[in-house]
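Below: one structure, written as structure tokens.
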Amino acid sequence: MEDKKRLLDIISLIDKNKKVIDIGTDHGLVPLYLAKNGISKEILATDISEKSLDKLRSALDSDTRKLIQTKVTDGFKGISKKEGQVAIIAGMGANTIIDIIEESMDFAKNLDYMILASNVNTEKLRLFLVEKGFEIMNDFLSFENKKYYDIIKTRFAKASPLSLSETYYGKDDIENKSQILKDKLAIDLKKNQKFREDILAKSKDKKNLGRIDERLKAIEEIENIWKLEN
């Protein structure tokens, strides 16, 4: 797990002795870590693929087999509600995460919290969560294998409205002035300025300009916040 920064960041948000559901577990690295390190004694690892779950099953020993159950299912379908349940939904885009939550909204609301990890369209996920009444408890970036991932811890509670900068980048890194966010902002600023120039110069279809301008405005908002705090 030493090279799995994103997974370790997810694990860091899980309180001890919670009943953990890992949606789309694949190789089951998170359930195995939770079981072997005494973080959870009741873990359900799910996937839509039997073959993926077989990878995890083959890695179970006599001890971890007592703590980890596996289930072939899509999202939360067919999972029983219990006290003290939390869920991890990682390794997929924001649209898929939204679909999983929306299809089992009552179940999602009953969880103590969810930990969500996405690297595509996360601004859409944040807006969805707030609109549906979920509080964003933690929201920060993780960097692994040259990719940035947004890690969000959320629960059904009183949701606070998001600023534009929080919609695109998450509140924790903005508040902490984290280096990882500074690095990503530099990349996003350069990339989106180039996109904008190319669209204006070469394309008759200007429909993507609004989204690009919105992201550039979010970057400017963060830069202004940091200037004011210096």
Side-chain angles (χ1 to χ4, degrees), residues 3-7 9-10 23-24 75 89-103 105 108 114-154 159-230:
D3 63 336
K4 302 294 183 184
K5 178 70 166 59
R6 173 177 58 101
L7 298 184
D9 282 340
I10 289 169
I23 301 293
I89 312 177
M92 54 195 81
N95 290 337
T96 303
I97 295 172
I98 289 169
D99 288 343
I100 289 170
I101 296 170
E102 199 148 42
E103 287 172 8
M105 185 60 74
M114 297 181 288
I115 298 168
L116 315 174
S118 167
N119 70 336
V120 182
N121 294 328
T122 311
E123 67 276 5
K124 193 174 175 182
L125 175 59
R126 292 185 182 104
L127 290 173
F128 166 81
L129 291 170
V130 170
E131 179 189 329
K132 298 299 180 181
F134 287 87
E135 174 195 7
I136 296 178
M137 304 160 69
N138 297 98
D139 189 351
F140 59 91
L141 284 167
S142 184
F143 186 71
E144 176 187 292
N145 296 328
K146 299 181 180 180
K147 286 186 179 179
Y148 290 95
Y149 297 88
D150 294 291
I151 311 292
I152 297 172
K153 184 175 184 178
T154 183
S160 300
L162 300 174
S163 66
L164 185 63
S165 55
E166 289 170 339
T167 299
Y168 275 94
Y169 290 101
K171 61 189 182 72
D172 293 5
D173 287 316
I174 297 171
E175 183 179 333
N176 298 330
K177 301 181 186 177
S178 70
Q179 187 60 50
I180 189 171
L181 179 56
K182 290 177 183 178
D183 294 342
K184 190 169 193 303
L185 290 180
I187 293 167
D188 284 0
L189 179 62
K190 185 176 180 180
K191 181 173 68 176
N192 281 276
Q193 285 176 335
K194 181 68 165 60
F195 285 161
R196 194 177 196 284
E197 289 170 8
D198 288 346
I199 289 171
L200 289 172
K202 303 172 185 177
S203 176
K204 292 180 181 178
D205 186 358
K206 306 290 194 291
K207 65 181 180 182
N208 290 323
L209 267 180
R211 188 168 181 180
I212 291 168
D213 286 343
E214 193 171 70
R215 184 174 286 275
L216 289 171
K217 189 175 179 182
I219 294 169
E220 183 182 10
E221 190 175 288
I222 294 169
E223 290 173 343
N224 288 335
I225 290 169
W226 287 347
K227 284 177 186 175
L228 288 170
E229 291 177 352
N230 284 339

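For reference, positions follow the sequence shown, starting with 1.
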**Request:** Report, as yes or no, whether the 6.0 Å neighbourhood of atom NZ on K184 holds more than 12 heavy atoms from other residues, nucleotides or ligands.
**Result:**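 Above 12, so yes.
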**Prompt:** Is the number of heavy atoms from other residues, nucleotides or ligands within 6.0 Å of CD (Q193) greater than 12?
**Reply:**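 Yes - once you tally the heavy atoms of other residues, nucleotides and ligands closer than 6.0 Å, there are more than 12.
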Any donor and acceptor pair, going by atom type alone, linking the side chain of [X] with main-chain N or O of [Y] inside 3.5 Å?
X	Y	result
D139	D172	no
D173	L181	no
S165	A218	no
K202	E197	no

**Side-chain heavy-atom pair F140, N176 within 4.5 angstrom cut-off** =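 Result no, sub-4.5 Å side-chain heavy-atom pair not found.
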Locate the shortest heavy-atom distance separating [X] from [Y]; write the atom from each residue and the value.
X	Y	answer
A90	I10	CB-CD1, 3.8 Å
K171	I136	CE-O, 3.0 Å
L209	R196	CD2-CG, 3.6 Å
N121	R211	OD1-NH2, 2.8 Å
E166	P161	OE1-O, 4.1 Å
S118	A94	OG-N, 3.3 Å

Separation between [atom1] of [X] and [atom2] of [Y], rounded to the nearest 0.5 Å:
X	Y	atom1	atom2	result
L164	E214	CG	CD	5.0 Å
L141	Q179	CG	CD	12.0 Å
N192	I187	CG	CD1	11.5 Å
K153	M137	NZ	CE	4.5 Å
I225	K177	CD1	NZ	10.0 Å
T154	K132	OG1	NZ	13.5 Å

**Message:** Go through it in stages, so that I can follow the logic: the residues are Y169 and L185, the test is side-chain contact (heavy atoms from CB on, under 4.5 Å), and I'd like the CA-CA distance, side-chain angles, deciding distance and then a yes or no.
**Reply:** CA-CA 9 Å; Y169 290 101; L185 290 180; 3.6 Å; yes
**Request:** Apply the side chain to side chain contact (heavy atoms under 4.5 Å, CB included) test between T122 and each candidate in L116, I152, T167; give the one that qualifies.
**Result:**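 That would be I152.
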**Request:** State, without any angle test, whether Y168 and D188 hold a side-chain donor-acceptor pair at a distance under 3.5 Å.
**Result:**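 Note: Y168 and D188 side chains miss the donor-acceptor criterion.
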**Distance-only polar pair, side chains of Y148 and R6, donor-acceptor under 3.5 Å** =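 Short answer, no.
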**Request:** Start with the C-alpha distance between I101 and L129, add both sets of side-chain angles, then the distance that settles side-chain contact (heavy atoms from CB on, under 4.5 Å), and finish with yes or no.
**Result:** CA-CA 9 Å; I101 296 170; L129 291 170; 4.2 Å; yes
**Request:** Check the pair E223 / L189 against side-chain contact (heavy atoms from CB on, under 4.5 Å), numbers first and verdict last.
**Result:** CA-CA 11 Å; E223 290 173 343; L189 179 62; 4.3 Å; yes
**Request:** Could you walk me through whether I174 and W226 pass the side-chain contact (heavy atoms from CB on, under 4.5 Å) test, one step at a time?
**Result:** CA-CA 8 Å; I174 297 171; W226 287 347; 4.2 Å; yes
**Item:** Ionic contact status for D213 with K217, cut-off 4.0 Å
**Value:**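 Salt bridge flag = no for D213 with K217.
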